[in-house]
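Okay, structure first, notes after.
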Amino acid sequence: MSIFHPKGNWYRPPTGAERLWVGLALAWCLVMSITMPWWHFQGKQNAPQTTYEVDPSAFIQRVNQFVETNRVGEINNVPIVEPEPGGDAYLLGQMWQWYPVLKLKKNQTYRIHVSSADLQHGLSILPINMNIHVLPGYDYVMEITPTTAGEFSLICNEFCGIGHHRMTGKIIVEET
Amino acid sequence: MSTETVKAAAHRVCETTGLSIFLKAQFFVKINAVLAVIFLLVGGIAALLLALTRWSNVMLLNDIWYYRMITLHGVNMLVFWIIFFEMAILYFASTTLLNTKMFSKKLAHVSLALMVAGAVVTNYIILKGQADVMLTSYPPLEAHPLFYLGIILFAVGALLVAFNFFATLYIAKKNKTYEGSMPLVTFGAATAAIIAVVALLHGAAALVPTFFWSMGWMEMMDPGVYRLLWWGLGHHSQQINVAAMVSVWYFVATISTGAKPLNETVCRGAFILYILFINLAAAHHLLVDPGLSSEWKIWNTSYAMYLAVLASMIHGYTVPASMEVAMRRKGYNKGIFGWFAKLPWKDPGFSAVALSAIIFGFIGGITGVTLGTEQINIMAHNTLRIPGHFHATVVGGTTLAFMGLCYYLVPLIFQKDFYMKKLARIQPWLFGGGIVLMSFGMSFAGTYGVPRRTYDSDFGGAILETGFDPIAHIFLGLLGVGGVIAFVGLLLFLVLIVTAVFFGPSIKGQKMPTWQSAREQKMTDDLISIGYEEEGKDYHIKTPGTIVLVLIFLLSFAIYYFANWAALADLWHIR
């Protein structure tokens, strides 16, 4: 009984069905343990690793410079910016928008630097549903290759104050 | 039970189990359970309001109160309700099950005062509107210092209860109040207490400097470091809940069906796996965080988490298998599942625990391990899939198991009987069913990318408009409906418990009234009265039903896991 005291030497390795299940469960855990590193080398979708330390004000400066040099238009007063394929792009999370709007080309790879000007934010690309966490002081570099064209929304999915549910942005992906 | 050694301490002998209940410890079991239920009500009211706000056709609250209620809900449910209840379990498992008085009544009073003060202060400052920071309070988001102070006071109180628990284990051993080893339920409670110490130390490392920062005495902690430390508290706390919940599964399995652990070595070994290998599982909250390498993330999730997963999968077999053996010993041998149909489903304590195991395993466990995979987390982080997962573990699992325990706590400790027994029988189904619907609504809405902790799923008033597929809104409706049903189940639970504890007929000096037929209860009593049996005595009894159940579980797990990898392959390339 689970409420009574086992007496004597009660050590006994599992036998029968119990041993079978422990073995099966362990095998399944090993399968899962191997799948993750395997995908790390073989898969195309992995959590970005590259991070630089950055002061929020320095990051804002880089964003502004990036917007000035690569600006191609405007939507609702938010600049649309087209980075060079293969080049660096900047995306700033701030209370309460993602800035600027990025215009990318399908099947081209970009290094998108993401950071926050103020609080923690969650970058969520919709409707494809890709999400990363954004911290102030951390320049997080996503090496990203859009494989589908169209207009994609950015929203924030980490609570960042009372305007959190109005924090949006946009990525436009053009066919090449 | 040797009564000589305990003469010094005032106690009574339980008419149902024959165990000694020490009156001082009994007071602390009662008061902690009552406080737990009070905070469950506070958190529950907040839950209802939240469900009716995320239901996008209703949107009951305004934005300020929505965020305030999330904070209130998280703090009261995940901290105050669950930990107060776990304190009751610690007092019970260390005294009654070890046949000893508690180590220190004074210490118990001090810890109680600290915990109550902490809980009251935190709730006050949240409701005053000066701590709209969510449970996680991620800096640079800043709350009023009393928010952090309240939680710190509460945590110190809980730490003292854990100390009292360990000291009680020590004096029981020293005074030889029991022969042999401690019972499995106490072993599980000790597991929970050990993990609690680790969790609370992480919590102190995160929250004490943050409290100092809010007072202006210190620089702000690095937000990334804070997340690492905070999840050392946040994730470990869930492992306290799991260990406590599994102990409750074993306890209720014994008392409702007469089950005994098939193999003490395996059951205890699985508890030890929790202690050893959950330590780094905080990592799976940081899988898409900057500043951490993939090696770190993959190692800390797969190595540490999967051995803890193994532990849960072992308990997921041993608990039903022990019941199957007990049922077959009673003669329910028809086919593979004859025993399953004859389980005491009319006993709400049992049905709550059975549902808890099913919801925890099939929904909470499978989703949790899958979403905690580094790459799959890309399509889950901070979406509603995450609360969809943890409401199945911590509400459908832990809370429901604790509710089940209450159906025994009231007659055995408060010595009161229930009114409205027919309603009691449906309560676990109502609450569990509501949580399942809500969890499905959250999880499926989350697959569309609907974020958690977000007031307006339509982003009204944003500079750049966006929104979700109408189907996602149907799932948000399901979330709302499930939440309302679960709240009705919660309210019914509270009514049943309160009417029984305060106005129920006294059953002092009597056996606990049975929920089963007299014949079935007699068979259960006969099994329990055997007490500890030598290991392996009934091992010739096979458990084909449980094997089929766990194989269905493994198949569901594999399908869900690989379906998520398949979905991941459709995303943009990212590294």
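What you are looking at is a predicted structure, and each value in this text was computed from that prediction instead of being measured. Chain letters run A, B, ... following the sequence lines, proteins first and then strands; every chain starts at 1.
Side-chain contact between Y138(B) and L119(A) is absent, with no heavy atoms from C-beta onward closer than 4.5 Å. Using a 4.5 Å cut-off on side-chain heavy atoms (C-beta onward), P140(B) and P136(A) make contact. Side-chain contact check for L551(B) versus L24(A): some heavy-atom pair is nearer than 4.5 Å.
Chain A forms the most heavy-atom pairs under 4.5 Å with one residue out of I64(B), D289(B), V185(B), and that residue is D289(B). Residue with the most contacts toward chain B among S33(A), P37(A), G163(A), S153(A): S33(A) (heavy-atom pairs, distance under 4.5 Å). Between chain B and the options G122(A), C160(A), P146(A), heavy-atom pairs under 4.5 Å are most frequent for P146(A). No other option in M379(B), M313(B), M134(B), R227(B) has as many heavy-atom pairs under 4.5 Å with chain A as R227(B). Most heavy-atom pairs under 4.5 Å with chain A, from the set G461(B), G188(B), P544(B): that is G461(B). Ranked by heavy-atom pairs shorter than 4.5 Å toward chain A, the options A380(B), A558(B), G316(B) are led by A558(B). In terms of heavy-atom pairs under 4.5 Å with chain A, the best-connected choice from P290(B), A253(B), A93(B) is P290(B). Considering only heavy-atom pairs separated by less than 4.5 Å from chain B, the leading option among M142(A), M167(A), M32(A) is M32(A). Ranked by heavy-atom pairs shorter than 4.5 Å toward chain A, the options I378(B), L310(B), V369(B) are led by I378(B).
Contact annotation for L126(A): only side-chain heavy atoms (C-beta onward) come within less than 4.5 Å of a heavy atom of chain B. For D139(A), no part lies under 4.5 angstrom from a heavy atom of chain B. Interface remark: A472(B) contributes no atoms to any contact with chain A (heavy atom separation under 4.5 Å). At a 4.5 Å heavy-atom cutoff, V450(B) makes no contact with chain A through either its backbone or its side chain. For T447(B), the part lying under 4.5 angstrom from a heavy atom of chain A is the backbone only. Contacts between Y110(A) and chain B at a heavy-atom distance below 4.5 Å are absent for every atom of the residue. Contact annotation for L286(B): neither backbone nor side-chain heavy atoms come within less than 4.5 Å of a heavy atom of chain A. In this structure, the portions of V22(A) lying under 4.5 Å from any heavy atom of chain B include both its backbone and its side chain. When heavy atoms are compared at a cutoff of 4.5 Å, F159(A) approaches chain B by way of both its backbone and its side chain. For Y66(B), no part lies under 4.5 angstrom from a heavy atom of chain A. Contact annotation for D222(B): only side-chain heavy atoms (C-beta onward) come within less than 4.5 Å of a heavy atom of chain A. Neither the backbone nor the side chain of Y226(B) comes within less than 4.5 Å of any heavy atom of chain A. For Y67(B), the part sitting under 4.5 Å from any heavy atom of chain A is the side chain, from C-beta outward, and nothing else. Both the backbone and the side chain of T373(B) come within contact range of chain A, with heavy atoms under 4.5 Å apart. For M182(B), the part lying near chain A is the backbone, with the side chain staying farther off; criterion is any non-hydrogen pair under 4.5 Å. Only the side chain of V173(A) has a heavy atom closer than 4.5 Å to any heavy atom of chain B. Residue contact with chain A, scored on non-hydrogen atoms closer than 4.5 Å, involves the backbone of L287(B) exclusively. For F459(B), the parts lying near chain A are the backbone and the side chain together; criterion is any non-hydrogen pair under 4.5 Å.
Side-chain atoms of T301(B) come within 3.5 Å of backbone N or O of K297(B) as a donor-acceptor pair. Looking at N157(A), its side chain does come within 3.5 Å of a backbone N or O of H381(B) through a donor-acceptor pair. The closest donor-acceptor contact from the side chain of T177(B) to the backbone of L98(B) lies under 3.5 Å. Between the S115(A) side chain and the Y138(A) main chain, a donor and an acceptor come within less than 3.5 Å of each other. Distance alone, capped at 3.5 Å, is enough to place a donor-acceptor pair between the H5(A) side chain and the S181(B) backbone. Judged purely by atom type and a 3.5 angstrom limit, T454(B) uses its side chain to pair as donor or acceptor with the backbone of R452(B). Of the possible donor and acceptor atoms, one in the side chain of T168(A) sits under 3.5 Å from a partner among the backbone N and O of L464(B). Between the side chain of Q120(A) and the main chain of P139(B), a donor-acceptor pair closer than 3.5 Å is present.
In this structure, the ring of F251(B) has its center less than 6.0 angstrom from the ring center of F92(B). Between F553(B) and W28(A), a ring centre-to-centre spacing not shorter than 6.0 Å is recorded.
Inspection of the Y250(B) and T318(B) side chains reveals an N or O donor paired with an N or O acceptor under 3.5 Å. For the residue pair N129(A) and R385(B), no side-chain donor N or O sits within less than 3.5 Å of a side-chain acceptor on the partner. Remark: the S294(B) side chain and the E374(B) side chain contain an N/O donor-acceptor pair separated by less than 3.5 Å. Counted by atom type alone, T35(A) and W565(B) present zero donor-acceptor pairs between their side chains at under 3.5 Å.
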Exercise for review: Let me see the working for N107(A) and T147(A) under side chain to side chain contact (heavy atoms under 4.5 Å, CB included), right down to the final yes or no.
Suggested key: CA-CA 5 Å; N107(A) 294 332; T147(A) 51; 4.1 Å; yes
What verdict does the side chain to side chain contact (heavy atoms under 4.5 Å, CB included) test give for V266(B) and I314(B), after you've listed the backbone C-alpha separation in whole Å, the side-chain angles of each residue and the deciding distance to 0.1 Å? CA-CA 8 Å; V266(B) 171; I314(B) 290 174; 3.5 Å; yes
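Chain B is approached within less than 4.5 Å, heavy atom to heavy atom, by W39(A), H40(A), K44(A), Q45(A), N46(A), A47(A), P48(A), Q49(A), T51(A), I75(A), N76(A) from residues 38-77 of chain A, ordered by number. Using non-hydrogen atoms only and a strict 4.5 Å limit, the part of residues 96-103 of chain A facing chain B consists of Q97(A), V101(A).
Between E264(B) and R12(A), none of the side-chain N atoms (NZ, or NE/NH1/NH2) sits under 4.0 Å from a carboxylate O, so this pair counts as no salt bridge.
Here E151(A) pairs with K170(A) under the salt bridge (charged side-chain N to carboxylate O under 4.0 Å, His left out) rule; sequence neighbours left out.
Once rounded to the nearest 0.5 Å, the distance linking CD of E18(A) with CG of N263(B) reads 5.0 Å.
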Enumerate donor-acceptor pairs with a distance under 3.5 Å from any side-chain N or O in residues 568-575 of chain B to protein atoms, sequence neighbours excluded.
| from | atom 1 | to | atom 2 | distance (Å) |
| --- | --- | --- | --- | --- |
| W572(B) | NE1 | T148(A) | OG1 | 2.8 |
| R575(B) | NH1 | E143(A) | OE1 | 3.1 |

